[in-house]
Asks: 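Below is a structure I'd like to ask you about.
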Amino acid sequence: MTTPHLARLPDADLAWANARYAEVDFLPSDASHFLALAMLDGERAGLGRVVPVSATAGELGGMVVLPAFRGRGVADALVGFLVAQSRFAELFCIPFADLVPLYARHGFVTLPDDAPAPAPVADKLAWCRAHYPRAVALMRRAG
């Protein structure tokens, strides 16, 4: 199996990334976010991001793998790359519940509903739970 090539998404490709996010009903990104691009077989295969939520914490998310590349390790490679590139002491993520094992492989642990989290993470968690019909989890990874 071919390994995805991972790199920071060029700033010029932000509109492309946000078009992919719109297709899957995710919130858009802006220039303050660290976006990663996965390339496979010379084509854009997926993307993900880390959003700053405080001076010491970020939220890892926005994981999108394009349909033609699913089942080829793209999401796993993206999570590993984003964790390795992050400058934050702790990372939070809000995955759909069926994706918890993916993030657990990268050191994230599921938190109870009443666990403290930075306000932007708590706000996004509430939004996700109200917006999506699928269950989501709150997870954290300490640096």
Asks: Can you check whether S86 reaches F34 side chain to side chain, under 4.5 Å on heavy atoms?
Replies: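 No, every pair of side-chain atoms sits at 4.5 Å or beyond.
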Asks: Should L37 and R8 count as side-chain neighbours, where that means a heavy-atom distance under 4.5 Å?
Replies: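 SC-SC contact between L37 and R8 ruled out.
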Asks: Is it true that L35 and V79 fall in one hydrophobic cluster, defined by side-chain heavy atoms closer than 4.5 Å?
Replies: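 Yes, same cluster.
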Asks: Shortest non-hydrogen contact from M139 to A104?
Replies: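 M139 and A104 have their closest heavy atoms at CE-N, 4.0 Å.
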Asks: side-chain contact (heavy atoms from CB on, under 4.5 Å) between D13 and R44: does it pass, once the steps are laid out?
Replies: CA-CA 11 Å; D13 290 344; R44 293 174 178 167; 3.2 Å; yes
Asks: When the ring planes of W127 and Y132 are compared, do they come out parallel, tilted or perpendicular, using 30° and 60° as the limits?
Replies: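 Answer is perpendicular, since the angle exceeds 60°.
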Asks: For A77 versus L6, what's the shortest heavy-atom pair and its separation?
Replies: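 Closest pair (atom of A77, atom of L6, distance): O-CD1, 3.4 Å.
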Asks: Are Y21 and W16 an aromatic pair, judged by ring center distance below 6.0 Å?
Replies: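 No, they do not, as the ring centres are separated by 6.0 Å or more.
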Asks: Per the salt bridge (charged side-chain N to carboxylate O under 4.0 Å, His left out) rule, what does the pair list look like for residues 125-138, sequence neighbours excluded?
Replies: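 Every salt bridge (charged side-chain N to carboxylate O under 4.0 Å, His left out) pair that includes a residue of residues 125-138, provided the two are not neighbours, is D98-R134, D113-R129.
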Asks: Does any non-hydrogen side-chain atom of P95 lie less than 4.5 Å from one of V100?
Replies: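 A side-chain contact under 4.5 Å exists here.
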Asks: Write down the atom of R140, the atom of E90, and the distance for their closest heavy-atom approach.
Replies: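 The answer is NE-OE1, 2.5 Å.
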Asks: Any link between V51 and F81 through a network of hydrophobic side chains (Ile, Leu, Val, Met, Phe, Trp, Tyr) touching at under 4.5 Å?
Replies: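 V51 does not cluster with F81.
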Asks: Return the minimal non-hydrogen interatomic distance between P101 and A97, and the atom names on each side.
Replies: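 Smallest heavy-atom distance, with atoms named: CD-O, 4.4 Å.
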Asks: Determine whether E43 and F69 make a side-chain contact, defined as any pair of heavy atoms from C-beta on separated by less than 4.5 Å.
Replies: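 The answer is yes, as the side chains (C-beta and beyond) meet within the 4.5 Å cut-off.
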Asks: Quick one: closest heavy-atom pair of I94 and L125, and the distance?
Replies: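 In this case the closest contact between I94 and L125 is CD1-N, 3.6 Å.
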Asks: Is there a side-chain contact between M63 and V24, using heavy atoms and a 4.5 Å cut-off?
Replies: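 No; the side chains remain at least 4.5 Å from each other.
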Asks: So, applying side chain to side chain contact (heavy atoms under 4.5 Å, CB included) with Y103, which one of V109, L91, L60, V83 is it?
Replies: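 Among V109, L91, L60, V83, the one meeting side chain to side chain contact (heavy atoms under 4.5 Å, CB included) with Y103 is L60.
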Asks: Counting only N and O atoms by type, is there a donor-acceptor contact under 3.5 Å from the side chain of D30 to the main-chain atoms of S32?
Replies: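 Indeed, once roles are kept as given, a pair shorter than 3.5 Å links the two residues.
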Asks: Could you tell me if the side chain of L47 sits less than 4.5 Å from the side chain of R20, heavy atoms only?
Replies: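 R20 vs L47: side chains touch.
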Asks: If we ignore hydrogens and angles and just use 3.5 Å, is the side chain of N18 paired with the main-chain N or O of S29 as donor and acceptor?
Replies: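 Side chain of N18 to backbone of S29: a pair is present.
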Asks: Any chance you could measure H33, atom NE2, to L27, atom CG, to the nearest 0.5 Å?
Replies: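 Going from NE2 on H33 over to CG on L27, the span is 9.0 Å.
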Asks: Does P112 have any side chain to side chain contact (heavy atoms under 4.5 Å, CB included) partners at least two apart in sequence or in another chain, and if so, which?
Replies: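 Checked P112 against side chain to side chain contact (heavy atoms under 4.5 Å, CB included); matches are D114, A115.
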Asks: Which pair of non-hydrogen atoms, one from P116 and one from F92, has the smallest distance, and what is that distance?
Replies: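 In terms of heavy atoms, the two residues are closest at O-CE2, 4.3 Å.
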Asks: Examine distances only and state if a side-chain atom of R141 and a backbone atom of H106 form a donor-acceptor pair shorter than 3.5 Å.
Replies: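 Checked: pair present.
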